[in-house]
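What follows is a set of notes on a single structure, which appears directly below.
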Amino acid sequence: MARRPRIVRTLPGLRRALEPYRDAGDTVALVPTMGALHAGHLALVRLARRRADRVVVSIFVNPAQFAPNEDFGTYPRSWGADIKALTETKVDLIWAPSAQVMYPEGFATRIAPEGPAKAGLEDKFRPHFFGGVATVVGKLFAQCRPDIALFGQKDYQQLRVVTQLAKDLDLAVKVIGVPTLREKDGLALSSRNAYLTPGERANAPLLYRVLKATAARIKNGEKIADALDVGRRQIDLAGFILDYLEARHAETLAPIASIADGPVRLLVAAKIGRTRLIDNIGI
Ligand code: PAF
């Protein structure tokens with residue numbers, strides 16, 4: 001039976017746990033998570049295992065990235081199942097600080113990301129989000145000092161934001177984006193899929209179908225703006241409340257009018273019932 005990973009909850013404990021890895025010259029991979037682990041997270045862990053000597057997974061539901069009207073209180077938490085899965089995937093260390101450890105009394109410094117964090121996508125609908133993500137990821141990088149850190153491409157704007165953060169702060173960490181894992185019907189794996197009713201769950205893969213159809217139309221020569229109009233109508237007609245369906249430059253996230261202008265990423269966010277889903281694909 002695999003050995004349970006060491007669980008660390010304090011900063012001195014984390015330093016003590018990481019020291020022998022560094023003394024041995026081992027490379028360290030960090031997989032930041034908010035728990036409620038699914039196969040997508042475990043794919044990040046497996047890739048981390050292949051790419052580094054030691055794998056650290058952080059589990060911290062970060063209050064700073066939720067607005068007061070969002071689901072911090074009800075965000076799925078599955079500690080026992082998470083530990084079991086991380087034992088089976090042979091993680092070395094679980095970093096699970098409390099909010100008090102992460103944001104102690106008197107905490108007064110926040111990272112305010114710009115560039116991809118101000119692209120007018122998630123930031124338009126969740127203005128607090130990337131400040132919270134950048135602050136906690138900056139802290140996780142400082143605490144764990146990983147050689148590599150793995151993030152899912154499902155949160156594509158987040159991936160661009162943390163990549164930019166590591167570059168701008170001269171951090172010696174290589175940020176790796178890992179392709180989205182999907183259910184058989186195309187729905188991107190997400191901890192929030194647990195909120196879907198059976199009817200919503202049946203309808204949810206439409207977003208991926210629209211992304212693929214829009215990408216195909218653009219590849220076949222249709223103007224990006226026209227293809228997006230068709231896609232937006234399909235999403236509306238299927239009963240979603242659409243936040244955005246956009247085509248952006250895959251690196252800068254700047255608006256892009258033609259595939260001749262650089263690599264294109266299609267990104268979508270829409271609500272079905274009370275659940276907000278996001279997804280994206282490259283063209
Ligand atoms: O993607 C997530 O689960 C979170 O935004 C992250 C990167 C762990 C920061 O809290």
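Read the numbers this way: they start at 1 and go in the same order the structure lists the ligands and their atoms. Atom set for the values below is all heavy atoms of this structure, side chains included, hydrogens, waters and symmetry mates excluded.
Of the residues Val137, Ile148, Thr163, the one that meets the side-chain contact (heavy atoms from CB on, under 4.5 Å) test with Val175 is Thr163.
Near Val136, with a cut-off below 4.0 Å to any heavy atom, the atoms of ligand 1 are 9 (C), 10 (O). Below 4.0 Å from some heavy atom of Pro32 lie the following atoms of ligand 1, by number and element: 8 (C).
Between Tyr103 and Phe60, the angle of the ring planes lies from 30° to 60°, which puts this pair in the tilted group. Relative ring orientation between Phe66 and Phe72 is described as perpendicular, the plane-to-plane angle rising above 60° on a 0-90° scale split at 30° and 60°.
Ion pairing of Asp185 with Arg201 is present here, as a side-chain N (NZ or NE/NH1/NH2) and a carboxylate O approach within less than 4.0 Å. Using a 4.0 Å cut-off between charged side-chain N and carboxylate O, Arg15 and Glu19 make no salt bridge.
Polar contact check, Thr33 against ligand 1: no nitrogen or oxygen pair lies under 3.5 Å apart. Checking only distances, Gln158 does come within under 3.5 Å of ligand 1, N or O to N or O.
Ranking protein heavy atoms by distance to atom 3 (O) of ligand 1, first place goes to Met34 CG, 3.6 Å. If you check which protein heavy atom lies closest to atom 9 (C) of ligand 1, you get Gln65 OE1, 3.4 Å.
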